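First the structure, in the form of structure tokens, and then the observations on it.
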Amino acid sequence: MRMPVSRGRKSKKGGKKKNSRRSGGPLAGPSGGVRYGPGDPLAPLRSLMGPPSRPAWFDQAIKNVLEQADDLVTSPGPRELEQATAELLGGELYQVVHDEDSTGLWFDWWFAELAEAAATRAGEDRTGNSGRRGPWWLLHGLTAVGSPALRTKAQAALGRARNARRADASSEAEGPDWLGRLNKVGATGEVWSLRDAYGTRLAVVAGVDHTGGGDTSAFLFDIDACGMIELVGAGGFDDVEQAATAWRSAVGDTAAGASPTPVDKPDDLHCLVQWDSGEAGLKGDEPRGLLDNWFLARRRVHDIAVALRGRGMRLPEVRSLFIDLDTAPAAEAFTRWYEERHGTAPNQDVVQALAEEWLEGCLPSTEHAVSPHRVRHRLTLINDWQPDHPVTVGARSLLPEWARWHGEQSGLPEELVERSVAAADAPGGAVTCGGVEHHL
């Protein structure tokens, strides 16, 4: 009889596969042009299929943004314009992600087309239409929220709009001095980290400089590492303490004692580079706040990388969390613990299967992290094994003790250990962890 197959490498259960893009896959090109990065495993197949169809939602979403762009002109400074731009784009992303009938997301491609449309509109804002400065301010905002590749596209579009405006002697002044410096927004190089008591809900807070000196803020990445590494929240705050307070409030009691710790080594930032930043990870129930910061969060990772290099430190390399796993130490240590506790050794096929499923996709330093959500996520994967196989049955039966062992190894308080043990015994449904209800 074939042994159960670990299913840890598959996409999240229940996720809406509404688009065909993953990180390292297609990169946006205006006018329908799309190129695929070297990390795209389906590149050969895609090349045979030809370029993807332009999603139907693009036109209306671009129209909606341009119609609201005039609201940006009231922004009193660079930070406010940056956030207003991010939220303007986020409103459209939220609509398309939550639309059951939408097919094809391609957010970067849409961003590039939006920049082109804004440039055309801004170049037309001449005599008789000079009161409409929204598209002009929108272009500047796009240079502030776009990742390096998208920022380049926005800057090119802005240059074309600027040339068109200068060709008209009656064109109005371009705006306040700070408007032209928006593309230089970057990280300060100061980074802090937090984690909850379980060690699976993580936060990274980065200092941000909006004007090249003086106007600073803090950007929060809220990351859940219980299953797939997910960004579950993001946003800008006045300072690191405000960001930390907001994160603790979102996570709940398990984060009550967490304090921001300055990051002084790359290993503290694995979570920042391992979360799936592509649209394929979207499930369709993402909150508005997360999508408001979709582009900005990805921009901030690049900003942080640049600032850290200036301080002689680099972000960790992205690597697979599913290959070259050494499960023997965990299996052997658990077996010794179990035998001391029960007087008999557990089935080794079951222990090995559990160790593989537990460690696949695991962030470095979270091997013993054992939140209720992580336990239930693994139980869901185990339930995808051959249902009546002895190893499957044994793994389900052994999971509560596996959770207890990890809790003891990580030094968790007994109350938190019992929550995770209970999750291993609970029937299917939903589990609340870190202030987020996860349906499994």
Side-chain angles (χ1 to χ4, degrees), residues 71-91 93 137-138 140-148 150-151 154 175-194 202-223 231-251 255 258-264 268-269 271-272 275 277 287-311 313 315:
D71 294 340
L72 301 176
V73 179
T74 61
S75 301
R79 180 181 169 190
E80 291 81 7
L81 176 57
E82 175 190 280
Q83 190 61 41
T85 302
E87 293 178 6
L88 187 56
L89 273 56
L93 302 190
W137 283 57
L138 172 62
H140 285 283
L142 293 178
T143 68
V145 304
S147 62
L150 297 180
R151 178 180 58 194
D177 290 341
W178 57 260
L179 200 60
R181 298 195 299 271
L182 263 176
N183 66 306
K184 300 185 184 299
V185 172
T188 64
E190 298 173 295
V191 185
W192 298 264
S193 65
L194 302 92
L202 313 167
V204 174
V205 183
V208 180
D209 184 352
H210 298 269
T211 60
D215 186 7
T216 60
S217 67
F219 193 85
L220 169 68
F221 298 85
D222 182 1
I223 298 170
L231 183 71
V232 295
F237 296 87
D238 291 340
D239 52 42
V240 62
E241 287 301 331
Q242 188 183 74
T245 298
W247 180 78
R248 285 190 291 263
S249 176
V251 176
S259 297
T261 302
V263 171
D264 56 10
D268 293 335
L269 296 175
C271 63
L272 197 60
W275 57 277
S277 60
R288 172 67 189 271
L290 181 62
L291 293 169
D292 280 348
N293 290 281
W294 175 271
F295 292 109
L296 202 49
R298 286 145 186 81
R299 165 66 179 270
R300 288 288 175 259
V301 174
H302 290 283
D303 291 343
I304 293 169
V306 170
L308 290 181
R309 285 199 298 270
R311 295 189 169 199
M313 187 169 76
L315 288 176

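What you are looking at is a predicted structure, and each value in this text was computed from that prediction instead of being measured.
Not one N or O on the side chain of Glu87 forms a donor-acceptor pair closer than 3.5 Å with the backbone of Ala84. Side chain of Asp268 to main chain of Val263: no donor-acceptor pair is present (N/O by atom type, distance under 3.5 Å, no hydrogens or angles). For Thr85 (side chain) and Leu81 (main-chain N/O), a donor-acceptor pair under 3.5 Å exists by modelled atom type. Judged by distance alone, the side chain of His140 and the main-chain N or O of Leu179 form a donor-acceptor pair under 3.5 Å.
For the atom pair Thr143 OG1 and Leu150 CG, the distance stands at 11.5 Å (nearest 0.5 Å). Taking CD from Glu80 and OG1 from Thr74, the interatomic distance works out to 10.0 Å, rounded to the nearest 0.5 Å. Between the CG atom of Leu296 and the CD atom of Gln83 there is a distance of 6.0 Å, given to the nearest 0.5 Å. With values rounded to the nearest 0.5 angstrom, Thr261 atom OG1 is found 6.5 Å from Leu194 atom CG. Distance check: Leu269 CG to Ser193 OG gives 7.0 Å after rounding to the nearest 0.5 Å. The distance from atom OG1 of Thr216 to atom CG of Asp239, rounded to the nearest 0.5 Å, is 8.5 Å.
A tilted orientation is assigned to the rings of Trp275 and Phe221, their planes being inclined by 30° to 60°.
Here Asp71 pairs with nothing under the salt bridge (charged side-chain N to carboxylate O under 4.0 Å, His left out) rule; sequence neighbours left out. Taking the ring pair (Phe, Tyr, Trp, His ring centres under 6.0 Å) definition, one finds that Trp247 meets it with nothing, sequence neighbours left out.
Considering all non-hydrogen atoms of both residues, Gly141 and Leu182 come closest at N-CD1, 4.2 Å. Pairing each heavy atom of Ala234 with each of Asn293, the nearest pair is O-ND2, 3.1 Å. Scanning both residues, Trp137 and Pro176, for their nearest heavy atoms gives CZ2-CD, 3.6 Å. Between Glu241 and Pro260, the shortest heavy-atom distance links the atoms OE2-CG, 4.1 Å. Nearest heavy atom pair, residue Gly207 against residue Trp192, reads N-CZ3, 3.9 Å. Between Leu290 and Leu231, the shortest heavy-atom distance links the atoms CD2-O, 3.4 Å.
Side-chain contact between Phe237 and Leu220 is present, with heavy atoms from C-beta onward closer than 4.5 Å. A heavy-atom distance below 4.5 Å is not found between the side chains of Pro262 and Glu190. Proximity of Arg181 to Pro78: side-chain heavy atoms (C-beta onward) are nowhere separated by under 4.5 Å.
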I'd like to know whether Leu142 forms a side-chain contact (heavy atoms from CB on, under 4.5 Å) with Phe295, so could you lay out the CA-CA distance, the side-chain angles of the two residues, the decisive distance to 0.1 Å, and finally the verdict. CA-CA 9 Å; Leu142 293 178; Phe295 292 109; over 6 Å; no
For a side-chain contact (heavy atoms from CB on, under 4.5 Å) check, start with the C-alpha distance between Val301 and Leu315, then their side-chain angles and the critical distance, and finish with the verdict. CA-CA 9 Å; Val301 174; Leu315 288 176; 4.3 Å; yes
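Note on Arg79 versus Asp238: salt bridge recorded, some NZ/NE/NH1/NH2 to OD/OE distance being below 4.0 Å.
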Could you give the side-chain donor-acceptor pairs of residues 302-309 under 3.5 Å, partners two or more places apart or in another chain?
{"from": "Asp303", "atom 1": "OD1", "to": "Arg299", "atom 2": "NE", "distance (Å)": "3.1"}
{"from": "Asp303", "atom 1": "OD2", "to": "Arg299", "atom 2": "NE", "distance (Å)": "3.4"}
{"from": "Asp303", "atom 1": "OD2", "to": "Arg300", "atom 2": "NH1", "distance (Å)": "3.0"}

